[in-house]
Amino acid sequence: HVAADVLASLDAAAKRLDGALVASLATALPHEDGADALPTVSRMPADDAFCEGGRGGAFCCAASRIYLCEKAWVGCGEVAYELTHALNLCRGFTNCRRHGVRVDGVDCGYLSPPDVACSELRAASLTGRCARHKGAAHERCLAWHARWAVASCYPDDEHLELHVRHAQAQCRPTPDE
């Protein structure tokens, strides 16, 4: 029943903004792992510490929950971006570990730094966040998303550039995705 509610809310959001992308991601998740693969969606106040530093949302892998920050610019594109992280987990591109940060009393789990870089690069690519860039600028844009996310989650990680290079070499979406 929750999955039906999530699909209905995603469908309504899709009609307002980037409909085709959100609809295709929402359809791909149940196809991969059944309706239970669909994450629930929760809102966070824009002034919550969770939403600091330019964050528009997050996917909590252990809880299968998407948190969206209540900011004017957060919309369907952010939903699609976070759904891509859920799809990456379903398809085995990333691995969720338990006992991560807690949000609203729930264990969000966590992705390792290489998995964060991989998932962010794939999300930026699949959702078109870097589509306006071509060639080397497109590659820099994808790397920026991977770098920002790893630095945000792991500010003291001394292997940041290694994680980004790994993601660039190993985590590209295939043409049929």
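Just so it is clear, the model here is predicted, and its values are computed rather than measured. One-based numbering along the sequence shown.
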Enumerate, atom names and distances included, each donor-acceptor pair closer than 3.5 Å involving a side-chain atom of residues 140-151, sequence neighbours excluded.
residue: R147; atom: NE; partner: E161; partner atom: OE1; Å: 3.4
residue: R147; atom: NE; partner: E161; partner atom: OE2; Å: 2.7
residue: R147; atom: NH2; partner: E161; partner atom: OE1; Å: 3.0

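- For the pair R55 and F50, the distance from NZ or CZ to the six-membered ring centre is under 6.0 Å and the angle to the ring normal is within 45 degrees.
- For the side chain to side chain contact (heavy atoms under 4.5 Å, CB included) criterion with L89, the lone passing option out of C96, P39, S119, S64 is C96.
- We find that R129 and E78 are joined by a salt bridge, their nearest charged nitrogen and carboxylate oxygen being less than 4.0 Å apart.
- Applying the disulfide (SG to SG under 2.5 Å) rule to C153 yields no partners; only residues at least two apart in sequence or on another chain are considered.
- Side chains of Y67 and V103 form a contact here, defined as non-hydrogen atoms less than 4.5 Å apart.
- Distance check, rounded to the nearest 0.5 Å: CG of N88 to CG of L83 gives 11.0 Å.
- In terms of heavy-atom proximity, A46 sits nearest to C51 at O-CB, 3.6 Å.
- When hydrophobic clusters are built by joining Ile, Leu, Val, Met, Phe, Trp and Tyr residues whose side-chain heavy atoms come closer than 4.5 Å, directly or via intermediates, V116 is not grouped with I66.
- We find the CZ-SG distance between R65 and C108 to be 7.5 Å, quoted to the nearest 0.5 Å.
- In this structure, R172 contributes its side chain and Q170 its backbone to no donor-acceptor pair below 3.5 Å.
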### Task
Dump the intermediate steps for side-chain hydrogen bond (donor to acceptor under 3.5 Å, both in side chains) on E120 and H85, then the final yes or no.
CA-CA 8 Å; E120 289 292 328; H85 295 310; 3.1 Å; yes
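- Residues V74 and F59 share a hydrophobic cluster, clusters being chains of Ile/Leu/Val/Met/Phe/Trp/Tyr side chains in contact below 4.5 Å.
- Distance check: L68 CG to R43 CZ gives 8.5 Å after rounding to the nearest 0.5 Å.
- Note on W73 and V79: same hydrophobic cluster, where clusters join Ile, Leu, Val, Met, Phe, Trp and Tyr whose side-chain heavy atoms are under 4.5 Å apart, directly or indirectly.
- Atoms CG and OG1, from L121 and T84 in turn, are 12.0 Å apart once rounded to the nearest 0.5 Å.
- Salt-bridge check for E52 with K71: failed, with every basic side-chain N at 4.0 Å or more from each acidic carboxylate O.
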### Message
One pair to check against disulfide bond (SG atoms under 2.5 Å apart): C171 and C118. What are the steps and the verdict?
### Response
CA-CA 5 Å; C171 300; C118 182; 2.3 Å; yes
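- Checking side-chain atoms of D107 against main-chain N and O of H99 turns up a donor-acceptor pair under 3.5 Å.
- Shown here are the side chain to side chain donor-acceptor pair (under 3.5 Å) partners of Q168, two or more places apart in sequence or in another chain: there are none.
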### Task
Check step by step if side-chain contact (heavy atoms from CB on, under 4.5 Å) holds for R122 and L87.
CA-CA 10 Å; R122 289 178 54 77; L87 186 62; 6.0 Å; no
